[in-house]
Structures are given as structure tokens and as C-alpha cells.
Number of protein chains: 2
Amino acid sequence: MITVELLEKYGVVKKSFDKNDIIFEEGNLPLHYYQIISGEIKMSNYNDDGREFIQGIFYNGQSFGEPPLFLNQKYPANAIAVEKAAIFILPKENFMKLLEENPKVSIKVIENLAQRLYYKSVMAAEISTHEPEHRVLKLIDHGIAYFNFQQDKNGYLINFTRQQIGDLTGLRVETVIRAIKALEKKGKLKIINRKVYR
Amino acid sequence: MITVELLEKYGVVKKSFDKNDIIFEEGNLPLHYYQIISGEIKMSNYNDDGREFIQGIFYNGQSFGEPPLFLNQKYPANAIAVEKAAIFILPKENFMKLLEENPKVSIKVIENLAQRLYYKSVMAAEISTHEPEHRVLKLIDHGIAYFNFQQDKNGYLINFTRQQIGDLTGLRVETVIRAIKALEKKGKLKIINRKVYR
DNA sequence: CCCATTTTATGATTAAAATCATAAAATGCA
DNA sequence: TGCATTTTATGATTTTAATCATAAAATGGG
């Protein structure tokens, strides 16, 4: 996360998006740095059958879509607003200048990319070699640490729909529903009027 | 990749590993920066049944294992020498000092992490939503660009075993063998005395 | 507040890849 | 060079999650 002051110094602009608005699309060349002010953004792919895979979900203060920006490669996925959102947008040249002139920001960028790489490593191994219940639980436990799940008297509220959990773990929604029920039966999590707690 | 001169200035040491030697293990805390001089290193996970998932394969000049180093988190996977290898090893403190004092290296580190994140994004979507033939072909095409596959009169030689392809794509070796045969039949690649060309 | 859409849910059936079994060919190290 | 190990290969069988079908409950936008 880069401070507002610094972003403004380099000519950032603020833009609003409605639910389901596309911020950028797979295959396009990256031209900007994006940092969320408010709302929720997902990056995802669709296969030929229209089946979705969610690469990640991002919230306030988080940036997204940098890797291809640094590599001059096309976006490997789409960025879509999950809900109404406001985003800081900085042109690529300005962002690169900001980085050059502010070495400490580079360290922040490195830490951010490292965090995302860590998540992808964990989930790749899960998706490849573990059964549905294990995958779902791993995603949930990761989410407690890194997505903004809120804690209350029942535990952490996992504010993802079954469909989102499926799209993040490569499972079908029916499989997720059954996995969550099985996990509840095993005492690994709670379901309180359809909401999942851990 | 950081230059030898710079690494030496910060007290790097060179270490040799035999085939199958472990460089570091999943769950350990990272204490060093690793950069390959020669040989081949894989990072991989094993599930409870001993089934392997290969996170990535790294060659001459490439570094590996940085993400948890920046995050003070445990390694999410093992690093193992696929063949005899020589590696530069720099203690974490020295590496961090090197970065602070050489901002341009930070940019290189960012580009490197971005490249790996890009690969993981592409493969995650593949593994989650595509059928075996598509996955195998995507891995091969990525490999042509980023692993060190050599080109000859038959095309690019894919110097991975069927097992390795399986461990990189989350498929069983028999499934990979059948997928490769099917891809050959479709003219997408060639098999010349058991070696795969694209 | 109504109604279309989304979300959760459950049972039956199917399909696809994993698993199991077996073996020939190739590799490599002792 | 010989022999154990690895790699490639193929057919049969099984298992697991996907698919299909259907519906109740919840949500939310107009």
C-alpha cells in the first residue's frame, strides 16, 4: 500500500466502479497501477465453458494487477468490482517514476508480491493434491489471516458465498456445500443460519 | 539475478549439492537468499499420501525461496536438487542490507517475483478449470518461454519426464502419457523416440 | 414491498481421471 | 558391463467429484 500523499504527488486519479464493472480485461496490456480506496475487487479467469476461477479478492488499501505491469505482458486475468468500489489509478510511467524516486516503496511492493506468491503456492498445492474438504478449510484458514473476515462471538465469519469458495478452490458449488456440511459434522467449523464460522 | 561481484561484496558463500539433496524444508524459517550457479532445483510439496506437487523448477542464475524471507514466514515447500548443483548462499541480514544499499536490485527482485506470480496465475487457472490436454500444453508452452528448453530441427525439446509434467500440473503420470499421445495425434506436438517436441 | 435473481440445499446419475496391474524400454551407477 | 531403478506404456476397474435435476430460502434492486 502506497500512501495517499505520495500517490497524489505523482498525479493519481480516483475512479468509481459499480458492482460488476470491469476494471481491466485478460489479454489487455497494463497501463496503470491500481490501489483500492473502498469496495471489493476480484481477479478471475473464465474458461471456454464460462467456468470461473478467482485468482484473488482484494480490499481497501490493497493493490492488484502489478505483475504484468512490471513485465510488459498482457493481463492473465480480468479485474472486476464485486461491489461498488473506489480506486486510485496511476499511469504506469508515473508509477515507475515513483518507485525509482522512493526506494522504500520498492520494499513494500516486494513484500506485497511475496505475500501473494505465498498464497498462490499454498493454494496450488492444495488444489493439485488435496481433497475438497482439505482445500476448503485451507482457503478459510488463509482467509482468516489475509482476507478481512470479522470475528464475533461465534468465531470468524467467513463472508464468502459457497460459489466464491468453489471459484477460489476449483470446486463446484455443490461440492463446496457438501464439504462444508461434512466439516461442520466433524466440528471443524460452524454453520449458523447458513453462514459459516470458524 | 544479482551479479557475482555484488553478492561477494556482501559475503556470499558457495555451496554444492548432490542430486536429491535437500536445500531447505517446508516449515523451516528462512535464513538465507539462494541463487543458483549451476544445476537444477525444484521446489515442491508432498501431501499425506506422499504425492508430490512441484511449485517450480529453477536453473542457472535464478533465485528461489525469497517470498517467506521477506515475510518472516515458514517455507511453504521444500527445495531439492534435481541434479548436482552449486548455489550462492547469502545470510538474510546481508541480503537485506544489499537491497537497502542497492535500490536497482529491488527492481530486479520485483520483476523476478512478478514473473513467478504470473506463472502461478496462469497455472492455477489451468489446473482448476481445464482438462488434462490443455493443462499439459499450457505448461509446455510456458516452459518454452521460461524454462530452458533447447530448440533443434524437431522443434523445442521438452526436457521434462512425464512424471515431472504430472507433478507440475496436478495430473497422474498415466494421464500425462495419454494426454501427450492424444496431443501428438492432434498434431500439437511430436514424439520422437519417447522425447516430446513442440 | 414485490418479484427476479442468487444462494443454499439435496438426491440421482454420469463422466473423467485416478487407481491398479503389468511390462517393455531406457537409464545410470557400481 | 550388468543389473537395479526409472521411465514410458497400455488395458481394466474404481472412485470421486462433476453434472443434472429440482426446489426452498434469502437477497436485493426497481
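Keep in mind it's a predicted model, so treat the numbers as computed, not measured. So you know, we letter chains A, B, ... as the sequences are listed, proteins then strands, and number each from 1.
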Report yes if at least one side-chain N or O of B/Arg162 is closer than 4.0 Å to OP1 or OP2 of D/dT8; otherwise report no.
-> yes
Determine whether the side chains of A/Asn72 and A/Lys92 contain a donor N or O and an acceptor N or O closer than 3.5 Å.
-> yes
Sub-6.0 Å ring centroid separation between B/Phe160 and B/Phe149 | yes
Establish, from distance only, whether the side-chain atoms of B/Tyr46 and B/Glu52 form a donor-acceptor pair under 3.5 Å.
-> yes
What nucleotide among C/dT10, D/dT10, C/dT8 has an atom nearest to a side-chain atom of A/Glu174?
-> C/dT10
Provide, to the nearest angstrom, the distance between the CD1 atom belonging to B/Ile191 and the P atom belonging to D/dT7.
-> 17 Å
Say whether B/Glu66 and B/Ser63, considering side chains only, have a donor N or O and an acceptor N or O under 3.5 Å apart.
-> yes
How about B/Tyr33 and B/Phe88: are their ring centroids closer than 6.0 Å?
-> no
Determine: side-chain N/O of A/Lys181 to OP1/OP2 of C/dT8, distance under 4.0 Å, yes or no.
-> no
Rounding to a whole Å, what distance do you find between B/Ile192:CD1 and D/dT8:P?
-> 15 Å
Value in whole Å for how far the C1' atom of D/dT6 lies from CZ of B/Phe160 = 18 Å
Under 3.5 Å, N/O pairs linking protein and nucleotides 22-30 of chain C:
unit_1	atom_1	unit_2	atom_2	d
C/dA25	O4'	B/Arg194	NH2	3.3

B/Ile165 CD1 to D/dA9 P, in whole Å, measures 11 Å
note: A/Leu171, atom CG; C/dA16, atom C1'; distance rounded to Å ~ 16 Å
Between the base of D/dT19 and the side chain of A/Arg178, is there a donor-acceptor distance below 3.5 Å?
-> yes
Note: contacts of residues 128-137 of chain A with DNA chain D (heavy atom, under 4.0 Å) are A/Glu131, A/Pro132
For the side chain of B/Thr175, counting heavy atoms from C-beta on, which of D/dA9, C/dA9, C/dA18 is nearest?
-> C/dA18
Nearest-nucleotide 5' precedence on DNA chain C, B/Val176 against A/Val173 | A/Val173
Which listed nucleotide (D/dT19, C/dA17, C/dA9) is nearest to the side chain of A/Ile177?
-> C/dA9
When all nucleic acid strands are considered with a 4.0 Å heavy-atom cut-off, which category describes B/Gly170: base, sugar-phosphate, or nothing?
-> sugar-phosphate
Is the closest side-chain donor-acceptor distance between B/Asn102 and B/Tyr10 under 3.5 Å?
-> yes
Nearest-Å distance for atom pair CD1/P, residues B/Ile127 and C/dA16 | 20 Å
Between CZ of B/Phe147 and NE2 of B/His142, what distance do you get to the nearest 0.5 Å?
-> 6.0 Å
Let me know the distance between CD of B/Gln163 and P of C/dA18, rounded to the nearest Å.
-> 11 Å
May I ask you to check whether A/Gln164 and A/Lys42 show a side-chain donor-acceptor distance below 3.5 Å?
-> no
Between B/Gln150 and B/Asn159, does any side-chain donor sit less than 3.5 Å from a side-chain acceptor?
-> no
Are A/Phe58 and A/Tyr34 an aromatic pair by the rule of ring centers under 6.0 Å?
-> no
Rounded interatomic separation in angstrom, taking CG from B/Asn20 and P from D/dT6 = 9 Å
